[in-house]
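Input: a single structure, listed below in structure tokens.
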Amino acid sequence: MKIADRIRRLGTETAFAVSAEAADFAARGNKVYPFHIGDLNIITPANVMEAAVRAMHDGKTGYCPNAGIARLREILAADVSASRNVKYSMENVAIQTGGKPVIGKFFMALMNPGDEVLYPNPGYPIYESLIEFHGGKAAPYTYVEGSDNFDIDLEMLEKQITPRTKLLVLNDLQNPTGAECSKAEFEKLAELVLKHNLYVLCDEAYFDIRYAGKSTSFASLPRMAERCLILYTFSKKFAMTGWRLGAAIGPKSLIDVITKLNVNDESCPNHFIQYGALEGLTGDQTEARKILDTLKKRRDAAVAILNSIEGVHCFCPNATFYLYPNVTSAMQKRGLTDYDDFRRSVLHETGVSFCTRLHFGRPLDGESNFYIRLAYSGINTTEIKEGLGKFKAFIER
Ligand code: PLP
């Protein structure tokens, strides 16, 4: 069978290979501490589940409108308007089967072959994959260590802009670094967006996974709402990763195109699941709040141990459920210079499984520091302490 040429340009999430290695190690009778998965080991709030089951029994099992049920679009528009300080109505919302589909649809709607797209690297690997798959040119910008978290390397970002640059992907509250833009960073980015006539994908997957302070949307800056498409997801806030429900939120003209892509692709988002999401947004928030409390305890436990390890330095982000410690000195101490050797040695000797910088986009020239990514969404506090205790002993041995 001759597979189409375009498939050669399609990347993947190599983090799934780390999951497979960890599963294989566990199947051989070993204890694994799963820090590699950006998934939750917390169950969806009961009221959300009950609402979806009720909807099924009420017959919401057929197709629904292509952009999702009207009530969810209305409620989500009101919710996002309030939290982002931007005025949206249901016409600005197209429900999707997860947040992820928004990425490809944004490129399909706005990128022509040869157009250049600024994207974060390290970053969620699907951006790089889909820019290239759809015939664009992926132009990376990176993050550098600041005083209390990572900052966007704005100088690099600006240098990457050419007359062919059309789009910017911004994942504020970032996977994998946990970085959060300052007001000044937002303002500089908005200035560049206007100067170079760019459109922006605001990947806000972690907007509500926040332990202190308040999330701000780039779309709320002056003149940005008309240029931004927000990726919204129910996956993280309501521990609904496997349900597959999210939304594209932005200017009506773009939402109309995205809805047309829905028609051609999945027809409509899953029908009864949307009633669960409605309950999530409008019903009792006790369990959703508990999810955040649990995650915060895990973060604090993990950061404390990581920063007690000789040769490891870790910021404590106020949002996301990721940590991105600098392990350069720790690797040197163990005489390791290769990411995969380090990752596998730690897995085999301690059971601690994590992703490395290699899983978040093609490494850039001149990178001299080494980073790993730990997700604390799929592992309990007791296991975090036990696993990272073993990691510490491994490094300091
Ligand atoms: N964007 C980022 C930055 C992510 O980390 C993820 C998932 O991990 C997604 C988007 C997509 O999530 P979902 O499709 O479950 O909404």
Side-chain angles (χ1 to χ4, degrees), residues 11-16 18-19 34-42 44 48 68 72 76 80 93-107 117 119-131 140-141 143 150 152 168-181 200-210 215 217-218 228-249 258 262 265-266 269-270 273-274 276-277 280-281 291 295 317 319-324 354-355 357 359-361 373-378:
T12 185
E13 274 190 73
T14 49
F16 285 116
V18 177
S19 292
F35 288 97
H36 53 271
I37 8 175
D39 198 357
L40 292 118
N41 64 345
I42 302 171
T44 308
V48 171
L72 181 60
L76 187 56
V80 170
V93 177
I95 306 296
Q96 303 294 314
T97 54
K100 199 180 213 172
V102 180
I103 302 171
K105 287 175 185 172
F106 175 76
F107 297 137
V117 182
Y119 78 102
N121 183 341
Y124 192 48
I126 296 307
Y127 311 134
E128 195 178 72
S129 166
L130 289 181
I131 293 165
Y141 66 86
Y143 286 82
F150 289 88
I152 291 180
L168 164 69
V169 176
L170 180 63
N171 174 212
D172 193 40
L173 312 181
Q174 206 238 3
N175 177 8
T177 60
E180 177 173 355
C181 281
V200 188
L201 173 65
C202 297
D203 182 338
E204 297 185 354
Y206 299 95
F207 194 87
D208 295 304
I209 303 300
R210 166 174 278 287
S215 296
S217 176
F218 183 67
C228 288
L229 182 70
I230 293 177
L231 177 158
Y232 179 95
T233 183
F234 291 92
S235 284
K236 324 281 174 179
K237 182 177 184 183
F238 300 111
M240 287 173 68
T241 50
W243 293 55
R244 311 309 302 134
L245 202 68
I249 304 173
I258 287 181
N262 283 13
D265 195 343
E266 68 271 34
N270 313 301
I273 281 176
Q274 295 174 69
L281 291 175
I291 294 173
L295 290 173
T320 77
F321 40 59
Y322 303 116
L323 300 172
Y324 198 62
F354 51 73
C355 292
R357 188 269 174 267
H359 301 103
F360 298 97
R373 191 205 69 174
L374 303 176
Y376 51 86
S377 49

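As the structure lists them, so they are numbered: ligands from 1, and atoms in each ligand from 1. Note that these values count all heavy atoms, side chains included, but never hydrogens, waters or copies made by symmetry.
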Nearest atoms (heavy-atom pairs only) where [X] meets [Y]:
X	Y	result
Ser235	Arg244	OG-NH1, 3.7 Å
Pro122	Arg357	N-NH2, 3.7 Å
Thr14	His359	OG1-CD2, 3.2 Å
Ser377	Asp39	OG-O, 2.7 Å
Pro120	Tyr143	CB-CE1, 3.9 Å
Leu173	Ala319	CD2-CB, 3.8 Å

Provide the number and element of each atom of ligand 1 under 4.0 Å from a heavy atom of [X].
X	value
Tyr127	3 (C)
Ala205	1 (N), 2 (C), 10 (C)
Asn175	3 (C), 5 (O)
Asn171	3 (C)

Please state which protein non-hydrogen atom is closest to [atom] and give its distance, to 0.1 Å?
atom	value
atom 14 (O) of ligand 1	Arg244 NH2, 2.7 Å
atom 15 (O) of ligand 1	Ser235 OG, 2.7 Å
atom 7 (C) of ligand 1	Lys236 NZ, 3.0 Å

If you measure every N or O of [X] against every N or O of ligand 1, does any of those distances drop under 3.5 Å?
X	result
Gly99	yes
Thr233	yes
Thr241	no

So how far is it from Gln274 CD to Leu76 CG, rounded to the nearest 0.5 Å?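 Spacing of CD (Gln274) from CG (Leu76) equals 10.5 Å.
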How does Trp243 reach ligand 1, by side chain, by backbone, by both or by neither, if only non-hydrogen atoms under 4.0 Å count?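 Contact part for Trp243 vs ligand 1: neither.
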Using heavy atoms and a threshold below 4.0 Å, how should the contact between Gln174 and ligand 1 be classified: side chain, backbone, both, or neither?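 No part of Gln174 is near ligand 1 at this cut-off.
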Tyr206 near ligand 1 by a heavy-atom separation under 4.0 Å: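 Checking ligand 1 against Tyr206, which is what was asked, there is a heavy-atom contact under 4.0 Å.
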Look at ligand 1 and say whether Phe321 reaches it with a heavy atom at a distance under 4.0 Å. no
Just one of Tyr119, Tyr127, Tyr124, Tyr232 clears the side-chain hydrogen bond (donor to acceptor under 3.5 Å, both in side chains) bar with Asp203, so which one? Tyr127
For Tyr322 and Tyr206, which I'm curious about, is there any donor-acceptor pair between the side chains at under 3.5 Å?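 Tyr206 and Tyr322 do have a side-chain donor-acceptor pair below 3.5 Å.
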Is the shortest heavy-atom distance from the side chain of Thr233 to the side chain of Phe207 under 4.5 Å? no
Between the candidates Leu173, Leu201, Asp203, which shows the shortest non-hydrogen contact distance to atom 10 (C) of ligand 1? Asp203
